[in-house]
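In what follows, a single structure is set out as structure tokens and then discussed.
Scope of the values below: all heavy atoms of this structure, side chains included, with no hydrogens, waters or symmetry mates. Just so it is clear: chains get the letters A, B, ... in the order the sequence lines come, proteins before strands, and each one is counted from 1. Note that the structure is predicted; figures quoted are calculated from it, not measured.
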Amino acid sequence: MTKAVRSQFWHSDGRRLSGLSTMLLLLPFFAVIAFVFIYPIAQLLLISFIEPHPTLDNYARVVDNPVYARVLMRTLWTAAVVTVLSAVLGFPVAYYMSRTKGALAALVAVCVILPLWSSVLVRTAAWSFLFQRNGLINSALMALGLTSQPFKLLYTQSAVVIAMTHVLLPFMILPIYGALRSIPNDYARAAAVLGATRLRTFLEVILPLSLPGVVSGSLLVFLTALGFFITPALLGSPQEMMISTLVSKQIREVLDWPFAAALVGMLTVFVTLLAIVFSKTLRFDRLMGGAS
Amino acid sequence: MGNEIFVNAASTTPATAGASIRISRLEKRFGSVFAVDGVDLDIAAGEFIALLGPSGSGKTTILMSVAGFEFPTSGTIQVDSEDLTYVPSNRRNLGMVFQNYTLFPHMSVLDNVAFPLKMRGLPKAERHARAEVALTTVRLGGYGNRRPNELSGGQQQRVALARAIVYQPRVLLMDEPLSALDKNLREDMQLEIKRLHAELGITVIFVTHDQSEALTMADRIAVLKDGKIKQIGPARELYERPANLFTAGFIGEMNFVDVTVESVGDVVSVGLPWGETWHLPATAAVDAVTAGEAAVMAVRPERLRLGAAAAGQVVNVTLSDIVYAGAAMLLIGRLPDGTEMRARIPGESQLSSLAPGDAASFTVPAAAILLYGGKRR
């Protein structure tokens with residue numbers, strides 16, 4: 001491991017950095033990670049095992065009460081739906097971006113990236129404005145005569161899914177765009193001259209070669225969606241809590257830190273397991289070795 | 001009889017007849033720039049033709065138009081008298097090999113070769129069997145289960161070749177297929193492609209910027225510059241009697257001397273820059289030259305002889321460099337007016353006594369001299 005890291009660092013005159021200099025260069029980064037990430041997480045997980053006394057009771061409570069299992073399942077399900085939705089919506093955008101050049105391409109790229117510059121809070125607040133009982137969506141539907149009375153949109157799981165998909169879409173589009181851009185133009189030409197129609201070229205060549213981007217985009221969106229807080233808290237129904245809102249409730253209202261820590265522990269185990277399964281089953285790096 | 005034996009010898013794959021190709025008044029403009037500027041090209045069925053030229057000469061654009069990746073601004077492309085000018089690539093039924101192999105990295109070698117058959121709706125068992133036969137043709141039988149990235153560059157290009165011929169197209173297009181390979185592999189592949197061409201009888205259009213590759217491989221070579229064909233003909237004709245100054249300078253090494261034409265007749269008299277007058281046979285003039293106008297005299301370095309001999313014109317030079325180049329010595333001399341004159345002399349021991357600064361004389365056989373009207377740019 002050290003060897004692999006060391007070989008990446010070079011002096012400007014071409015000599016390789018010594019192991020010690022490499023360590024010194026990496027130290028600030030690892031120090032920050034250790035103090036602001038690893039230490040607090042470890043403390044929190046520790047609490048779940050030792051308070052009020054060394055026990056597994058906190059985890060037993062999560063497993064025993066079906067309400068909490070439902071929250072966990074709902075969180076996983078919501079994250080999965082958001083991931084699939086953003087892949088379905090994001091792929092065409094990424095594909096279009098990779099095919100376009102010039103001013104139009106820049107405009108699309110700005111449209112994709114611009115939302116990232118505004119805070120999640122602002123974007124979620126904007127959605128709650130749209131979803132209101134007398135908000136834009138309902139008044140439009142009524143003005144068109146499609147419905148006589150307003151739908152309940154705000155404080156539903158659908159509102160959460162729609163807004164989360166919107167917030168997370170760039171994290172799906174950008175990796176797919178990167179994967180599509182790295183596919184040489186000649187592949188599509190080769191497929192065409194070998195007799196493939198545009199559709200078959202896409203299905204047999206472009207889509208499979210862009211899968212690594214879809215997988216990394218999906219991982220990014222799915223893992224972020226699991227821990228999403230602001231959007232479910234502002235747009236979701238209190239009867240259909242997600243794990244992040246539940247954890248927040250336990251910490252700020254019930255003041256049950258050990259139980260909140262156990263919930264976080266469960267989520268961490270799930271996420272870690274998923275990450276391992278993904279990296280073991282999808283060896284795209286091996287598959288893509290010859291793409292040049 | 002001879003034909004039958006030939007077909008049997010090539011029975012690894014069924015012999016395919018090549019198609020004739022007719023390119024008429026092909027023009028491709030990008031904005032106000034002509035990439036291809038009125039090209040006419042007739043290619044016989046089964047012919048191996050090379051498009052040779054510097055980058056930007058339009059050779060690739062012509063190939064792209066034949067492949068259907070570019071549609072020309074005007075002009076037509078016919079294959080076996082069927083107009084394909086605006087037919088999409090996937091319905092042209094042409095084979096193509098790219099510079100960078102373009103094997104699909106997510107498919108096995110066998111699936112890569114079977115890909116065009118899959119697109120043509122063949123059942124799996126049959127397309128795999130035919131792909132295996134095609135792999136055997138390029139001497140890669142048994143490599144089907146590998147991934148493209150597990151093969152060397154030369155092997156990958158052979159797979160690409162198998163993929164391009166497995167559906168027995170009538171025409172094979174090659175876009176600098178060997179330029180990504182190192183020198184030894186390139187020579188192997190040149191022979192491999194020549195062998196396949198002879199075996200399959202397929203028509204080949206081969207784009208290259210490597211003149212030795214074009215000269216060794218093609219039946220005819222089209223030399224391109226600025227979107228126009230400057231000359232087209234077999235290798236010997238192009239090398240021995242280039243039709244214009246561009247081809248003369250582009251193919252092989254050539255010495256040029258600016259001269260003035262003094263008289264024209266059975267003998268052409270030219271005035272050399274240092275005042276001498278040479279009388280050349282009328283056949284030396286490649287284009288029409290007019291008395292009193294400027295012309296350029298051209299001669300290949302390997303046609304010069306060291307020392308004054310009876311047969312030929314003699315020039316005196318001051319040697320500026322003597323380079324040992326294996327099979328021959330390269331002598332670089334300056335003519336009295338300062339023009340450089342190179343001679344390639346097969347290795348002789350007396351040459352070792354020569355040193356830069358020495359005076360020497362070269363004999364130029366009259367038959368080796370070519371004369372072009374006009375001036376060098």
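Between the side chains of A/T124 and A/T231, at least one donor-acceptor pair of N or O atoms lies under 3.5 Å.
Using a 4.5 Å cut-off between heavy atoms, B/R120 touches chain A through its side chain atoms alone. Interface remark: A/R200 contributes side-chain atoms only to the contact with chain B (heavy atom separation under 4.5 Å). Heavy atoms of B/R163 lying under 4.5 Å from chain A belong to its backbone as well as its side chain.
Each of B/H128, B/H106, B/R127 was compared with B/D111 under the side-chain hydrogen bond (donor to acceptor under 3.5 Å, both in side chains) criterion, and only B/H128 meets it.
Taking the centre of each ring, A/F202 and A/Y95 come in below the 6.0 Å mark.
Using the six-membered ring where Trp is involved, A/W127 and A/H166 have ring planes that are perpendicular, over 60° apart on the 30 and 60° scheme.
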